[in-house]
Undergrad: 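Take a look at the following structure, please.
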Amino acid sequence: MLFDFLAVFGTALLLITFAFSIGAIYKAIDVMAKGLPVAVVGKFFLYNLPYALAYAVPVSALFSSLLLFGRLSSDSEISAMKSGGLSLWQIASPILLFSWVLAGLCLYNLFVVYPNTTYETRKLLKNMGVEDPIKLLEEGRFIRDIPGFMIYVGKKNGNRVKDLIVYEVDSKGEVVRTVRADSGIMTTDQAKELLKVDLFDVRIEDSRKKGDSEDVYYVNLEKFPYRFSLKDMMGSKTITKKRKNMTVTELIYRIRNPESDQKWMKKRDMAVEHSKDMVELHQRICLGISPLMFVLVAIPLGIKSHRKESSAGMLVSLVIMFVYYIFIILSDTFDKSPQLHPWLLPWVPIVLGQIGGLLLLRRAD
């Protein structure tokens, strides 16, 4: 039975990984069109595989379990094995044990391999000079790639941003000015090698020290421009790790020691950063162990379907995946509201799926 499962799983994994890699293939072709060596393009593509596998492995396990046990039930092989004295738990045990192996591999990929390869991809793109400067200002994180500035973008749609905060820092890393804007527009001037950021509905907090005291001045403006040098942005040898570039060890350290690089933030901003870190960590854990839940749910559902057709297994797989990923999306939606504990949302389908799978399996036995 395990060999039959592996055959279906391998085929599904290849197809689903290819589907998740279409974006990387398109980007690789675009990079190749710039005249870069094939070896560099191949490296870029390989760096994107762990991302595709992080999602392809759980989905493949789900689809393979539904298809295999649906076929066994339809051919009355499950009934024959039960007549021979085997329980459903004994019949399913090789697949359940293999799901633990898949969960271990997924966790290692999400904890170590995936963050390192995404970081290497960023370094590769920067060294090749093909990374769009506007993409450096990523939504929902603090950007430290511009010397003398730390920038937070609340929302981003193309070259338009909302809820933007700019911290101007001195050589000691102390914040000397805070600029908050409701919205802004980003454009690049390739001729002058500038990234232009025009902010609207701006509030400026300017801190000035006089001896031991510190005075803070507030200014409200309709428009405030920033001009950043592309050479400074793209030419920096160090690349700040984004949240998704951090290994699980780095992420846990950041969660436990927020003051290490966030002591200059306001309490509200620090709470939001902590919430985003927690959401990222719990999403990785839940995605890593999701093969356990998917297989446990798929086995009794496959038996109940009594269908050979792959279309039935595919339909059920899509429904289960939709329910699971909707909670992942919800956790991302509410990650700026720490009071709601959004990092617990990814656990809802995992816990309910495990309980439901155990009950269904017990009923089917």
Side-chain angles (χ1 to χ4, degrees), residues 1-22 46 49-114 286-321 324 349-350 353-354 356-365:
M1 180 186 296
L2 182 59
F3 291 106
D4 292 338
F5 177 83
L6 290 175
V8 180
F9 176 79
T11 304
L13 185 63
L14 285 173
L15 294 174
I16 296 171
T17 302
F18 174 77
F20 276 107
S21 300
I22 289 176
L46 287 174
L49 279 180
Y51 164 79
L53 289 172
Y55 293 90
V57 170
V59 175
S60 300
L62 169 65
F63 177 70
S64 304
S65 300
L66 281 166
L67 200 62
L68 176 63
F69 281 87
R71 181 183 64 78
L72 292 174
S73 178
S74 178
D75 292 343
S76 300
E77 292 185 39
I78 297 289
S79 300
M81 285 186 277
K82 283 185 176 180
S83 300
L86 294 176
S87 68
L88 186 55
W89 288 100
Q90 291 173 311
I91 296 169
S93 60
I95 311 303
L96 292 172
L97 289 173
F98 185 68
S99 70
W100 281 91
V101 175
L102 291 178
L105 293 173
C106 286
L107 285 171
Y108 181 74
N109 178 39
L110 289 161
F111 285 178
V112 181
V113 181
Y114 164 68
C286 290
L287 185 58
I289 64 175
S290 61
L292 298 173
M293 182 270 290
F294 282 152
V295 169
L296 195 59
V297 171
I299 290 173
L301 288 180
I303 293 172
K304 191 176 180 180
S305 66
H306 295 288
R307 299 287 294 274
K308 283 186 178 181
E309 294 84 353
S310 60
S311 58
M314 181 64 76
L315 180 61
V316 177
S317 298
L318 289 173
V319 173
I320 296 173
M321 284 190 304
Y324 174 74
I350 294 293
Q354 294 281 19
L358 288 170
L359 292 175
L360 289 172
L361 203 57
R362 184 178 179 180
R363 177 181 289 184
D365 191 11

Undergrad: Using the side-chain contact (heavy atoms from CB on, under 4.5 Å) criterion, which residues pair with V295? Sequence neighbours excluded.
TA: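 Only A61, S65, I95, L96, S99, I299 meet the side-chain contact (heavy atoms from CB on, under 4.5 Å) criterion with V295.
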
Undergrad: Can L13 and L53 be said to form a side chain to side chain contact (heavy atoms under 4.5 Å, CB included), step by step?
TA: CA-CA 8 Å; L13 185 63; L53 289 172; 4.2 Å; yes

Undergrad: For the residue pair V297 and G353, what are the closest heavy atoms and their distance?
TA: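 Closest heavy-atom pair between V297 and G353: CG2-O, 3.2 Å.
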
Undergrad: Kindly give the heavy-atom pair with the smallest separation between S93 and Q90, and that separation in Å.
TA: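 Heavy atoms of S93 and Q90 come nearest at OG-O, 2.8 Å.
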
Undergrad: Once side-chain contact (heavy atoms from CB on, under 4.5 Å) is applied, do any residues pair with C286, and if so which ones, sequence neighbours excluded?
TA: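 Scan of C286 (side-chain contact (heavy atoms from CB on, under 4.5 Å), adjacent residues dropped) gives Y324, P346, W347, I350.
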
Undergrad: Could you walk me through whether L88 and I303 satisfy the side chain to side chain contact (heavy atoms under 4.5 Å, CB included) test, starting with their C-alpha distance in whole Å, then the side-chain angles of each, then the deciding distance to 0.1 Å, before giving a yes or no?
TA: CA-CA 10 Å; L88 186 55; I303 293 172; 3.5 Å; yes

Undergrad: How close do Y51 and F20 get, heavy atom to heavy atom, and via which atoms?
TA: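 Looking at all heavy atoms of both residues, the closest pair is CE2-O, 4.4 Å.
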
Undergrad: Pairs in or reaching into residues 77-91: which pass salt bridge (Lys or Arg N to Asp or Glu O under 4.0 Å), with residues at least two apart or in two chains?
TA: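 Checked against salt bridge (Lys or Arg N to Asp or Glu O under 4.0 Å) - neighbours excluded - the pairs reaching residues 77-91 are R71-E77.
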
Undergrad: Which atom pair, heavy atoms only, marks the closest approach of A52 to S21?
TA: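 Taking every non-hydrogen atom into account, CB-OG, 3.5 Å.
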
Undergrad: Partners of F5 by ring pair (Phe, Tyr, Trp, His ring centres under 6.0 Å), sequence neighbours excluded?
TA: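 Scan of F5 (ring pair (Phe, Tyr, Trp, His ring centres under 6.0 Å), adjacent residues dropped) gives F9, F98.
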
Undergrad: Can you name the side-chain contact (heavy atoms from CB on, under 4.5 Å) partners of A12, sequence neighbours left out?
TA: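 Partners of A12 by the side-chain contact (heavy atoms from CB on, under 4.5 Å) criterion, ordered by chain and then number, come out as I16, S60, F63, S64.
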
Undergrad: Between V57 and C106, what is the shortest heavy-atom contact and its length?
TA: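 Closest heavy-atom pair between V57 and C106: CG1-SG, 3.5 Å.
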
Undergrad: Taking the side chain as everything from C-beta on, heavy atoms only, tell me whether D4 gets closer than 4.5 Å to L72.
TA: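 With C-beta onward as the side chain, the pair stays apart.
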
Undergrad: Indicate the atoms forming the closest heavy-atom contact of L110 with G288, along with that distance.
TA: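 In this case the closest contact between L110 and G288 is CD1-N, 3.5 Å.
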
Undergrad: With rounding to the nearest 0.5 Å, note down the distance linking CD1 in I22 to OG1 in T17.
TA: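 Spacing of CD1 (I22) from OG1 (T17) equals 11.5 Å.
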
Undergrad: Please enumerate all residues that pass side-chain contact (heavy atoms from CB on, under 4.5 Å) together with L358, with sequence neighbours excluded.
TA: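 Result, side-chain contact (heavy atoms from CB on, under 4.5 Å) vs L358: W89, L296.
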
